[in-house]
Undergrad: 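One structure, as structure tokens, below. Some questions next.
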Number of protein chains: 2
Amino acid sequence: MSISDLHSKVYNCDTCLFKLISCQYMEPVEFEKLRKVSVQLRFKKGEAILKQGARATHLAFLQKGIVKFYYEDEKGKNLILTITKSPSLIGGANVFNESMNLFSIQAVEDCEVCMIDLVMLKEIAMVNNRFLMKILEMVTGMFKDSILNFINLAHKQVNGRIADVILYLSSSVYRSQHFTLTLTRKELSEFAGCSTENVIHTLSRFHREGILNVKGKSIEINDLDRLQRISKVG
Amino acid sequence: MSISDLHSKVYNCDTCLFKLISCQYMEPVEFEKLRKVSVQLRFKKGEAILKQGARATHLAFLQKGIVKFYYEDEKGKNLILTITKSPSLIGGANVFNESMNLFSIQAVEDCEVCMIDLVMLKEIAMVNNRFLMKILEMVTGMFKDSILNFINLAHKQVNGRIADVILYLSSSVYRSQHFTLTLTRKELSEFAGCSTENVIHTLSRFHREGILNVKGKSIEINDLDRLQRISKVG
DNA sequence: AAAATAAGATGAAAAAATGCATTTTTCTAT
DNA sequence: ATAGAAAAATGCATTTTTTCATCTTATTTT
């Protein structure tokens with residue numbers, strides 16, 4: 001992220017979905033207070049948006065791009081909790097109970113993000129219950145998704161987990177049966193909770209069996225039915 | 001749970017921790033409204049307190065006992081998310097965003113539970129921000145714990161996962177180095193995310209190696225250091 | 001108290017997953 | 001455009017985990 005980005009307005013707030021949602025619960029004048037203490041930033045692929053363990057000072061709204069939420073353990077191994085496409089509220093996992101970021105968030109492709117000051121946000125939320133409820137809803141929704149994701153992973157074998165990951169990326173991230181990965185095999189393995197080799201082997205097998213068409217970063221789902229069956233059976 | 005329990009007062013509200021917390025944020029008169037629409041219940045070991053998929057009508061406060069949160073998948077396989085000891089707020093996982101229970105909660109030993117009406121709770125919370133924030137804090141805290149638990153499981157092998165489960169039960173549930181399990185080996189396996197046999201084998205191995213003293217339901221931690229090391233290494 | 005059922009334990013074979021060595025391909029920086 | 005680095009692919013040996021069969025020990029039920 002270069003200094004110049006701090007000065008240039010990346011996108012117009014008037015078309016912002018977060019503003020749209022917020023203004024259902026507050027007066028434009030009130031939103032203006034929020035806007036004033038917010039900063040628009042660009043992040044290049046691979047750059048850190050929020051860092052686990054750092055003081056949580058902002059809630060972030062992802063305007064454009066794809067990010068990964070991940071947890072870094074003591075041994076430096078990562079675990080991807082979820083991968084999210086814009087538009088989406090990110091980084092609020094601990095808005096209301098922790099002062100440190102529980103997870104890291106990193107750009108998986110070039111992103112545009114609006115960093116919203118937490119102090120002001122809380123201030124407004126404290127005198128505006130419906131807004132507070134809405135934020136709460138978005139934050140707990142994120143938690144819920146992560147947990148359901150973990151549950152999926154927890155009692156399936158690698159076959160089913162990788163099928164899941166592909167189905168998820170296809171339906172919720174790239175929104176197409178044929179997409180170009182912006183994630184490495186290593187990242188897929190951190191999402192599926194297995195070794196990198198296992199991801200590669202499994203993708204090769206799916207390719208050999210005609211379920212997927214895998215060519216490097218390009219992935220096409222050939223046999224959706226069978227992929228879904230593998231996901232179900234585990 | 002027998003009908004008679006609906007009429008007998010199981011315990012006194014004046015000593016209730018939930019009342020204590022709540023009354024930091026509301027007048028006793030207001031709390032009285034909440035109390036009036038709440039019901040005290042007893043659950044025997046194995047009984048269902050909340051059922052996944054059912055309409056979420058109550059927030060529950062666990063006065064006494066131990067419960068398990070679990071998710072039932074389509075194939076009828078269970079996955080235990082967490083095991084919690086009283087006193088604790090339970091079943092609020094979806095207070096603010098879902099109308100159905102996301103998980104089931106079951107008594108792992110005899111329990112006393114206060115079922116708090118959600119409609120009234122929300123009503124009060126809507127005009128009492130500090131109370132709303134407190135509830136929010138408790139609810140997201142639960143989510144956070146579950147996720148951190150999953151993270152622990154996700155990149156450890158069975159050895160480390162079982163060490164984790166034992167350490168967790170010892171420190172957070174039974175609160176002793178020597179305890180009598182109220183869970184079956186099958187339940188432990190649903191918590192650790194592995195086969196029942198693997199739990200049995202691993203516990204036997206830990207016993208053989210002098211790390212634990214396992215005799216049926218009785219478990220004693222002999223070598224805490226080594227157990228913690230196994231948990232760390234994975 | 002005996003019978004029936006469920007839970008726990010053990011060992012061995014089969015399946016799944018990891019780790020390693022090596023090669024090929026792709027990406028990046030100069 | 002090319003060298004160097006990183007990522008992807010492949011095959012194999014090893015380890016981990018599951019599954020299955022059998023047996024013992026608890027716990028319920030009648």
Side-chain angles (χ1 to χ4, degrees), chain A residues 44-47 68 75-80 108-110 153-166 180-209 212-220 230-231 233-234, chain B residues 44-47 68 75 77-80 108-110 153-166 180-209 212-219 230-231 233-234:
Chain A
K44 284 215 188 62
K45 177 174 175 165
E47 283 185 323
K68 64 172 178 180
K75 287 169 284 178
K77 263 181 105 183
N78 292 344
L79 181 74
I80 295 182
V108 152
E109 56 180 47
D110 293 0
L153 299 188
H155 47 188
K156 280 182 187 171
Q157 315 206 130
V158 170
N159 258 346
R161 301 215 291 268
I162 298 210
D164 269 352
V165 166
I166 298 299
T180 302
L181 273 178
T182 44
L183 296 159
T184 65
R185 301 293 195 263
K186 182 153 174 292
E187 285 173 311
L188 293 184
S189 78
E190 288 169 354
F191 197 16
C194 65
S195 69
T196 309
E197 289 91 338
N198 212 338
V199 170
I200 294 169
H201 285 148
T202 306
L203 288 179
S204 301
R205 190 159 0 100
F206 286 173
H207 180 78
R208 230 178 301 124
E209 293 172 357
L212 297 180
N213 214 318
V214 184
K215 177 114 201 342
K217 296 285 189 185
S218 155
I219 293 189
E220 183 176 12
I230 292 171
S231 154
V233 176
Chain B
K44 285 215 187 63
K45 177 173 176 167
E47 284 185 322
K68 62 172 177 181
K75 288 168 285 177
K77 261 180 105 184
N78 293 343
L79 181 74
I80 294 181
V108 152
E109 58 180 45
D110 294 359
L153 298 189
H155 47 191
K156 280 182 188 172
Q157 315 206 130
V158 171
N159 257 347
R161 301 216 291 270
I162 299 211
D164 269 352
V165 166
I166 298 299
T180 302
L181 273 178
T182 45
L183 297 159
T184 64
R185 302 292 195 262
K186 182 155 175 292
E187 285 174 311
L188 292 183
S189 79
E190 288 170 355
F191 197 17
C194 64
S195 68
T196 309
E197 289 91 337
N198 211 338
V199 170
I200 294 169
H201 285 147
T202 306
L203 288 180
S204 301
R205 189 160 1 100
F206 285 175
H207 180 77
R208 228 178 303 126
E209 293 173 357
L212 296 181
N213 214 319
V214 183
K215 179 118 201 339
K217 297 283 191 187
S218 155
I219 293 189
I230 291 171
S231 155
V233 175

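We name chains A, B, ... by the order of the sequence lines, and we start the count at 1 in each one.
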Undergrad: What is the separation between atom CD1 on A:Ile200 and atom P on D:dC12, rounded to the nearest whole Å?
TA: 17 Å

Undergrad: Expressed as a whole number of angstroms, how long is the span from A:Glu197:CD to C:dC20:P?
TA: 9 Å

Undergrad: If we ignore hydrogens and angles and just use 3.5 Å, is the side chain of B:Arg185 paired with the main-chain N or O of B:Ile200 as donor and acceptor?
TA: no

Undergrad: With nearest nucleotides of DNA chain D determined for B:Lys217 and B:Asn198 from heavy-atom distances, which residue corresponds to the more 5′ nucleotide?
TA: B:Asn198

Undergrad: Measure from the side-chain N and O atoms of B:Lys156 to the backbone N and O of B:Ile162, and report whether any donor-acceptor pair falls under 3.5 Å.
TA: no

Undergrad: Calculate the interatomic distance between A:Lys186 atom NZ and C:dT26 atom C1'; express it in whole Å.
TA: 18 Å

Undergrad: For A:His201 and D:dA7, give me the distance from atom NE2 to atom P, rounded to whole Å.
TA: 18 Å

Undergrad: Determine yes or no for a side-chain-to-main-chain donor-acceptor pair under 3.5 angstrom, with B:Asp110 supplying the side chain and B:Lys45 the backbone.
TA: yes

Undergrad: Under 4.0 Å between a side-chain N or O of B:Ser204 and OP1 or OP2 of C:dT10?
TA: yes

Undergrad: Whole angstrom is fine here: how far is it from CG in A:Leu188 over to P in D:dA7?
TA: 13 Å

Undergrad: To the nearest Å, give me how far apart CG (B:Asn159) and P (D:dT15) are.
TA: 14 Å

Undergrad: To the nearest Å, how far apart are B:Ile230 CD1 and D:dT16 P?
TA: 12 Å

Undergrad: Classify A:Gln157 by what it touches in the nucleic acid, base, sugar-phosphate, or nothing, heavy-atom distance under 4.0 Å.
TA: sugar-phosphate

Undergrad: Expressed as a whole number of angstroms, how long is the span from B:Leu203:CG to C:dG8:P?
TA: 10 Å

Undergrad: Between B:Arg185 and A:Gly216, which has a closest nucleotide on DNA chain C that is more 5'?
TA: B:Arg185

Undergrad: Just wondering, do A:Thr184 and A:Lys217 contact through their side chains at under 4.5 Å, heavy atoms?
TA: yes

